[in-house]
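Down below is the structure, laid out as structure tokens.
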Amino acid sequence: MLLTITITHSPATELGYLLHKHPDRCQSFSLSFGQAHVFYPEANEQKCTAALLLDVDPVKLVRGKGATLEQYVSDRPYVASSFMSVAIAQVFSTALGGRSKDKPELAQTPLPLVAKLSVLPCRGGEGFLRQLFEPLGYSVSAQGHVLDEKFPDWGNSKYFTVELQHTIPLSDLLSHLYVLIPVLDDEKHYWVNEEEIEKLLRHGEGWLSQHPAREQITRRYLKRQHRLTRTALAQLAEEDNPDPDSVEETHAEEEAAVEKPISLNQKRMNGVVAALKQSNARRVIDLGCGQGNLLKILLKDSFFEQITGVDVSYRSLEIAKERLDRLRLPRNQWERLQLIQGALTYQDKRFHGYDAATVIEVMEHLNLSRLGAFERVLFEFSQPKTVIVTTPNIEYNVKFANLPAGKLRHKDHRFEWTRSQFQNWANKITERFAYKVQFQHIGEEDPEFGSPTQMAVFINR
């Protein structure tokens, strides 16, 4: 049973700091069901691979249980299952918790990672495998295996060799594997009780409540125990909606107060509209439209023929509608507008068919672990001809007199990027998807800190 994790971040050998396992040593750990071994097949500045090998003792599994011969002969020693999850939690506990004594910042940094599971049971097939990992932003490669090469007529087995690629913090990768490996196997080797709910919620924090397959994940993880499943889903629903609309409204007002002295919001809207007209975008979808600041401008301009606003917050859409109602436009003008509720990290056919998509001060509200899913929804699946993205320039924050040092502009911001970080992200988008990019400054440009808002305009090649 083998799991390998490969990193190409330079210097790649820093993976040893994150896992708390030195690349030059082979280490072994005793577990209740056998032995775990950690070693590095390769370790250099450009590429480093750590391997977790489980040696499951089938006799240990059944000793003292009055076992039959059938229990001794099973696939458990050879496939990734709940045994692997337990090994991850015990052998890589510090990395799973997102901690590193020597490299604390690196532990929270998104890194280019590739995880490979040599044999993974997928009860539900490749489709279910992709259903679990692709919404989290992973690129999934799965190689199926036949039941017996000598008897191809017997068909395919439930086993796959799986490779998962993503740029995320290592702790997020380990959390996803910890939860989803036993979900795919649809089995656990130990008794499941209320303690499993706490484990699921802890390791699913920040991603499970928004996952489109969260009910299936929860049900399988808790071995289909209805009472436990209902309790866990209720807690996930509460975690997902602790009255997000009122919180978001308060935070948005705070951010507006920070930027008001330099009229940044108006400059941002003007820059976006100019870029839309320059690209001749007549049909526009505003992803994360909030309370309709951009929609109001577009609706008053007859240049734009179709305007759609999307937001995950129903309350924000209500406020947007109230504000737009005050425009008192003719009925034929209203027919150009629609408001829809939706999340930007899940595929949605309603996002297709637009000349341009605008993402205005939105991406910084996403968890970094969800950024990959957002990128695929926007650039791979929706594929508008033009994409306009704006985000704060964190370097400029020192210029805001009413913003405490070291604070982000909005309490819900998960990150804010420097100019080089934003440009690196955008350039990687052009490498992965069929777009080219141009960068523009929004607001007065400081010679040292740049402009307060940075904007990227992606054009489909």
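These figures come from a predicted structure and were not determined experimentally. In what follows, residues are counted from 1 in the order of the sequence shown.
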| Does K188 count as lying over the ring of Y221, i.e. NZ or CZ under 6.0 Å from the six-ring centre, within 45 degrees of the axis? |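 Yes, a cation-pi geometry holds between K188 and Y221.
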| What closest approach, in Å, do Q131 and H211 show between heavy atoms, and which atom pair accounts for it? |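 That would be O-CE1, 3.4 Å.
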Decide if atom [atom1] of [X] counts as having more than 12 heavy atoms of other residues, nucleotides or ligands within a radius under 6.0 Å.
{"X": "E105", "atom1": "CD", "result": "no"}
{"X": "E42", "atom1": "CD", "result": "yes"}
{"X": "Q438", "atom1": "CD", "result": "no"}

| How far does OG of S175 sit from CZ of R202, to the nearest 0.5 angstrom? |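 The distance works out to 9.5 Å.
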| Would you call the rings of W425 and F458 parallel, tilted or perpendicular if under 30° counts as parallel and over 60° as perpendicular? |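 W425 and F458: perpendicular rings.
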| task | Name the orientation class of the two ring planes belonging to W417 and F422 (parallel below 30°, tilted from 30 to 60°, perpendicular beyond 60°). | result |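 Rings of W417 and F422: tilted, as their planes differ by 30° to 60°.
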| message | Checking H166 now: which residues fulfil ring pair (Phe, Tyr, Trp, His ring centres under 6.0 Å) with it, not counting sequence neighbours? | response |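 Ring pair (Phe, Tyr, Trp, His ring centres under 6.0 Å) list for H166, sorted by chain: Y138.
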| request: Using side chain to side chain contact (heavy atoms under 4.5 Å, CB included) as the criterion, point out the one residue from K21, R25, H20, H22 that pairs with V38. | output: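 Option passing the side chain to side chain contact (heavy atoms under 4.5 Å, CB included) with V38: K21.
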| said: Run the salt bridge (charged side-chain N to carboxylate O under 4.0 Å, His left out) test against K223 and tell me which residues pass, sequence neighbours left out. | reply: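 Residues passing salt bridge (charged side-chain N to carboxylate O under 4.0 Å, His left out) with K223: E187.
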| Salt bridge present between E195 and K199 (N-O < 4.0 angstrom) |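 Salt bridge between E195 and K199, a charged N being under 4.0 Å from a carboxylate O: no.
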| How about F128 and D186: do any of their side-chain heavy atoms sit closer than 4.5 Å? |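 Not touching, per the 4.5 Å side-chain cut-off.
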